[in-house]
Structures are given as structure tokens and as C-alpha cells.
Number of protein chains: 2
Amino acid sequence: MESDLAIKRLAALAQESRLAVFRLLVKAGKGGVAAGDIARALGVPANTLSAQLGVLANAGLVLSRRDGRSILYAADFDAMGALLLYLMEDCCQGRPEVCAPLAEVASRAACCSEKQGVRS
Amino acid sequence: MESDLAIKRLAALAQESRLAVFRLLVKAGKGGVAAGDIARALGVPANTLSAQLGVLANAGLVLSRRDGRSILYAADFDAMGALLLYLMEDCCQGRPEVCAPLAEVASRAACCSEKQGVRS
DNA sequence: TCGTTATTTCCATAAGTATGGAAATATGGA
DNA sequence: TCCATATTTCCATACTTATGGAAATAACGA
């Protein structure tokens, strides 16, 4: 990953309500959530939320598709994985002091994904 | 980790020259690098760099100590590890789609750190 | 003490980001 | 077609951040 893109993604997540949006979308899974429902859940005006979703989408952290009158937003898990991989490998050079504590979480995930595939 | 702190750290890294500073400090390791040497390496005026180091330090991503006339800055590996752990667990809920691809990097690091006697 | 080097703080300016009202666009249903 | 709903775009305002010149502070050696 280019550091430009990593910076864009870091900046997109570095704001309270955008991080809240992303976390909500992670919880929701691949099905996604309508923009209006996100706005209601977070108590943010629709146009403000739209701008925030725009930043996340521009950073490639969320995907959107229209469903009737609504537009469904979903977290892009691959993009987030790529960002974390960048931070671990390119930025931190795989240093054990940084990366070793992550082994348990990562291997648990790897284990689950092999056993039962993808969950939503 | 509090999401406020995570946001502070994400924001600190979400800028070109600050990310460059952090990467340089990761490369340099625990010994650290004098502020002036960082400024020279990155071609940034001393006072501008000082402000950037201030942001990184305030986010807890770098540590500093005086050494004679110089002030040595060093990456705080634990802090970076905690940020990544937060992103994997709290933010992404350990989702396999995000975290599984990180298993190899993390376990390689864990392996090396065991050899050196460092554990998490 | 003084002079030199290293770094930070102060300050102003420039640049970028966040917010939300109002209007515009898109969809589906009557 | 007309209307209601869902979302975005336009725009102005407020806020935050980045930058670097100049002065201040800190440490060392003579």
C-alpha cells in the first residue's frame, strides 16, 4: 500500500463520528446499513453524515450500493486489513515489540476463518 | 484503550511528515534520534519538526529524553502495539476478514520475540 | 562569564476540515 | 404525473491544524 493511501485512511478514521460510523458498519457486517439508519443511530444530521461517509468512501474504507431509495454502506474489510498490514509491516517493519502482542488475536481470527469461513 | 486516545494516535500518524518521522524512529530503534538529526534527515525546519514531534509525543507515540544538548526521540513500540490491538479488537471486533491476513506477520514477530526472551 | 549549538515557544498567516441549512437529485408508489 | 422519502450537493461559517520567522530557553565548553 502507498503511504498516501494509508494516510488518507488514518485520517478518515481519526475523527470521533467517522470512527463510530466505521465501528457500526463493522458490527453490521457485509449486508451494510442505510445512510439514514446510520444517521439516526448516531444522532447526526443526514447531510453531515453524508459528508463523513464521503470521506470514508474516498479513503476506500467503506463500500456503498443503492437499494431502492436507500444507499447501503458497508465496511470494506479488505481495505482495513490492508491498512493494518501496512502499519505492521511497512511502518513498523514487523518489529516484535509492536507485532508480537497481536499474534493471538490474529491467529484466533485465522483459525475461525478457516473453520467456519465468513460470518456476518 | 479509550477511543479518544486511539483517535489522537490515528490523527498523529495521519500526516505525511509525522508518519515519516515515526517510520524513521522505528528504524532507529530504542536508542532514538536527536531532533536535529530528524529535521536534517527529513529536510524540515527545526521549529516545524518540533511541533510535529510535539503532536506525536502528546499522542504517546514517541518518547523523549535529553542527552547533552540534544533531545533524543524514540518510537514507543508499546503504544503503537496498543493502537493496533485496539483497531483489531475493539474497532474491528477481531473479524477474520480483517485480522486473519495479519496472522503470519504477527506470528513471525512472536516467534522472534520468544527467541530474544521478550513476551507479551 | 561568554559564545555556540540544540531545541522549544511564541506568534501570525495560510490551509484544511467540520457542520448544518437550504436546495437539488434520485427512487418508488399512488 | 405528483408526492413522499432518502440521500447528496451547494454554500457559508466556525473551527482546527500546519508552517516557519523570530525570540526564548537549555546545555556545554572555554
Side-chain angles (χ1 to χ4, degrees), chain A residues 3-25 28 31-76, chain B residues 3-25 28 31-76:
Chain A
S3 75
D4 286 17
L5 180 55
I7 286 169
K8 220 179 198 181
R9 290 185 181 173
L10 290 167
L13 293 174
Q15 199 243 18
E16 196 177 346
S17 53
R18 281 197 302 264
L19 185 61
V21 169
F22 187 78
R23 296 182 70 168
L24 184 153
L25 293 180
V33 183
D37 291 339
I38 302 172
R40 234 163 284 124
L42 302 182
V44 174
N47 59 348
T48 298
L49 180 80
S50 182
Q52 292 167 334
L53 286 169
V55 173
L56 287 166
N58 182 254
L61 287 167
V62 303
L63 301 167
S64 62
R65 65 181 196 282
R66 181 172 281 277
D67 174 38
R69 292 186 218 188
S70 298
I71 294 181
L72 299 180
Y73 283 86
D76 187 331
Chain B
S3 75
D4 285 16
L5 180 55
I7 286 170
K8 220 178 198 182
R9 290 185 181 173
L10 290 167
L13 294 173
Q15 200 242 19
E16 196 177 347
S17 54
R18 280 197 303 264
L19 185 61
V21 168
F22 187 78
R23 297 183 69 167
L24 184 153
L25 293 179
V33 183
D37 291 339
I38 302 172
R40 234 164 283 123
L42 302 182
V44 174
N47 58 351
T48 299
L49 179 80
S50 181
Q52 293 168 334
L53 286 170
V55 173
L56 287 166
N58 182 254
L61 287 166
V62 302
L63 301 167
S64 62
R65 67 181 194 281
R66 182 171 280 277
D67 174 37
R69 292 186 219 187
S70 299
I71 294 181
L72 300 180
Y73 283 87
D76 186 330

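Predicted model only: the values in this text are computed from it and were never measured. Naming: A, B, ... by sequence-line order, numbering from 1 per chain. Just the heavy atoms: all of them, side chains too, but no hydrogens, waters or symmetry mates, feed the values below.
In this structure, the side chains of A:Gln52 and A:Leu56 stay at 4.5 Å or more apart for every pair of heavy atoms. The shortest distance between side-chain heavy atoms of B:Val21 and B:Val62 does not fall below 4.5 Å.
If you check residues 7-25 of chain B against DNA chain C, you find no residue with a heavy atom closer than 4.0 Å.
At whole-Å resolution of the value, CG in A:Leu49 and P in D:dT7 are 9 Å apart. Going from atom CG of B:Leu56 over to atom P of D:dA18 covers 10 Å, rounded to whole Å. Rounded to an integer number of Å, the gap from CG of A:Asp37 to C1' of D:dA6 is 10 Å. A:Leu53 places its CG atom 6 Å from the P atom of D:dT8, with the value rounded to the nearest Å. Rounded to an integer number of Å, the gap from B:Asn58 CG to C:dT8 P is 14 Å. Rounded to an integer number of Å, the gap from CZ of B:Arg40 to P of C:dT7 is 7 Å.
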query: Which letter, B, S or -, goes with each nucleotide of nucleotides 20-30 of chain D from 5' to 3', with contact meaning a protein heavy atom under 4.0 Å?
result: BBB---SBB--
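With values rounded to the nearest 0.5 angstrom, B:Ile71 atom CD1 is found 10.5 Å from B:Ile38 atom CD1. Atom CG of B:Leu49 is separated from atom CZ of B:Arg40 by 10.5 Å, given to the nearest 0.5 angstrom. From B:Lys8, atom NZ reaches atom CG of B:Asn58 across 4.0 Å, with rounding to the nearest 0.5 Å. Rounded to the nearest 0.5 Å, atoms CZ (A:Arg23) and CG (A:Leu13) are 11.0 Å apart. Taken from CG in A:Leu10 to CG in A:Leu5, the straight-line distance is 9.5 Å, to the nearest 0.5 Å. Separating the CG atom in B:Leu25 from the CG atom in B:Leu53 is a distance of 7.5 Å, to the nearest 0.5 Å.
In this structure, B:Ala34 reaches the sugar-phosphate backbone alone: every heavy-atom distance under 4.0 Å involves primed, P, OP1 or OP2 atoms, never a base. As judged by a 4.0 angstrom heavy-atom cut-off over every strand, A:Ala35 is placed among residues touching the sugar-phosphate backbone only.
In this structure, A:Gln52 reaches the C:dT19 phosphate: one of its side-chain N or O atoms is under 4.0 Å from OP1 or OP2. For the OP1/OP2 pair of C:dT7 and a distance below 4.0 Å, the side-chain nitrogens and oxygens of B:Ser70 include at least one atom meeting the criterion. Checking the phosphate oxygens (OP1, OP2) of C:dA6, no side-chain nitrogen or oxygen of B:Tyr73 falls inside 4.0 Å.
Under the side chain to side chain donor-acceptor pair (under 3.5 Å) criterion, A:Asn47 pairs with no residue, sequence neighbours left out.
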